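Numbering of ligands and ligand atoms starts at 1, following listing order. Since the structure is predicted, the reported quantities are computational estimates derived from the model, not experimental observations.
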Amino acid sequence: MKRARNFNAGPAALPLEVLQRAQNEWLNIEDSGMSVMELSHRSAEFEKIHNHAIQTLKEIMEIPDNYEVLLLQGGASLQFSMIPMNILKDGKRADYVLTGSWSEKALKEAKKVGETAVVASSKDDTYTFIPKVTDIEMNEDAAYLHITSNNTIYGTQWKEFPETGSVPLVADMSSDILSRKIDVSKFGIIYAGAQKNLGPSGITVVIIRKDLITDNDKIPSMLNYSIHSKSNSLYNTPPTLAIYLLSLVLDWAKEQGGVEKLAQINEEKAKAIYDTIDNSNGFYKGHALSDSRSHMNVTFTLPTEEAEKQFLKEVKEAGFVGLNGHRSIGGCRASIYNAVPLSHCLELAAFMKKFQESYSAKETQAL
Ligand SMILES: Cc1ncc(COP(=O)(O)O)c(C=O)c1O
């Protein structure tokens, strides 16, 4: 079987080694005579897997001791509601920086819970850039400041994070967690749906500073950080298979040399495609301004709708998967998460060059 050159935005490519290890252990996990899906979530075997996932994440992200890792359900989207429900206290205001559709959605949910404000936005420029940290109208009394560290749809990424003093910085890192080194101590909460850099869909990682977890009986149990924290994220039946795969992906990330090494490879991967865009004499046009370019989602357009249609048709025929831009904005997008190998990015860059040559030659002939 030939492995697809998978540029899907999420669910996305998983490391082949992870899939092979899961295959090897499929019928018999931890010598239990059962598959991981058949284990009780209260069994010693599963608890070991669950705790291993949490410990490995703490290790590779160098998460300080005053933080907790929660493994929750409901996707990153449920965090849009859980965050304000748990940490937006009466009389306080939650601040949001708008850098794309996901931050808009996060804001929409927070508005249902309490007072909010938009303190910086690139919406008027179709989200082509990340606002400068100095342009954020910081409110020193805010309940928190929310950002989206990587904008999956528009292909922009924060390069430096705002200093927020005593205001907790909350970041949706769904599409760039583990892709580069992050100083966790700068954040109050980091959350991410797993289905891009961490594993399959069905599990959401929440890294939360312990002082932000407070008891509040008014919040429904399943939406209450305190309840999940007290039960080590085993309050109800967790998605055991997804947690197992998360633990394998984290082992894999560690074996690759950790986040620093992954960041180095990700930079090389992104450079191969961005260089192709920049050297195409305007044939390919990147959506993001260069200082805001994402190393995870490369978004670009072609000179005409017809050229774009032809490109998407031919790239698919050539065995590249998932190059269509998000349905809300169109265009093209290459999602190059940790598990996408450098070779696939180099092959895509070579295909893009070849396509440009043949398309331009046909255009010239037609004149
Ligand atoms: C940055 C970002 N935030 C949130 C989400 C929503 O995640 P989920 O589908 O896990 O709720 C996505 C999904 O692609 C995303 O890219």
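Atom-to-atom distance recorded for Ser185:OG and Ile182:CD1 is 11.0 Å, nearest 0.5 angstrom.
Thr152 and Asn297 share no donor-acceptor pair across their side chains, judged by distance under 3.5 Å alone.
A salt bridge links Arg93 to Asp95: at least one charged side-chain nitrogen sits closer than 4.0 Å to a carboxylate oxygen.
Distance from atom 11 (O) of ligand 1 to its nearest protein heavy atom, with residue and atom name: Ser77 OG, 2.6 Å. Protein heavy atom at the shortest distance from atom 14 (O) of ligand 1 is Lys196 NZ, 2.7 Å. For atom 13 (C) of ligand 1, the nearest non-hydrogen atom of the protein is Trp102 CZ2, 3.3 Å. The single protein non-hydrogen atom nearest to atom 7 (O) of ligand 1 is Ala76 CB, 3.5 Å, given as residue, atom name and distance.
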Original post:
Does the pair His287 and Tyr154 meet the rule for a ring-ring contact (aromatic ring centres under 6.0 Å, His included), with working shown?
Top reply: CA-CA 7 Å; His287 177 77; Tyr154 291 92; 5.5 Å; yes

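Taking distance alone, with nitrogen or oxygen atoms compared against 3.5 Å, Thr152 approaches ligand 1 more closely than that limit. Considering backbone and side-chain atoms together, Gln195 places an N or O closer than 3.5 Å to an N or O of ligand 1. At a 3.5 angstrom cut-off on N or O pairs, Phe80 does not count as close to ligand 1. For the pair Asp172 and ligand 1, the shortest N or O to N or O distance falls below 3.5 Å.
Those atoms of ligand 1 that come under 4.0 Å of a heavy atom in Gly75, given as number and element, are 10 (O), 11 (O). Counting the atoms of ligand 1 from 1 in the order shown, those under 4.0 Å from a heavy atom of Asn150 are 1 (C).
Each of Asn6, Leu312, Val315 was compared with Phe320 under the side-chain contact (heavy atoms from CB on, under 4.5 Å) criterion, and only Val315 meets it. Remark: of the listed residues Leu70, Val170, Ile208, Val170 is the sole one forming a side-chain contact (heavy atoms from CB on, under 4.5 Å) with Tyr191.
Inter-residue side-chain proximity for Phe283 and Met352 is flagged as unmet; no heavy-atom pair is nearer than 4.5 Å.
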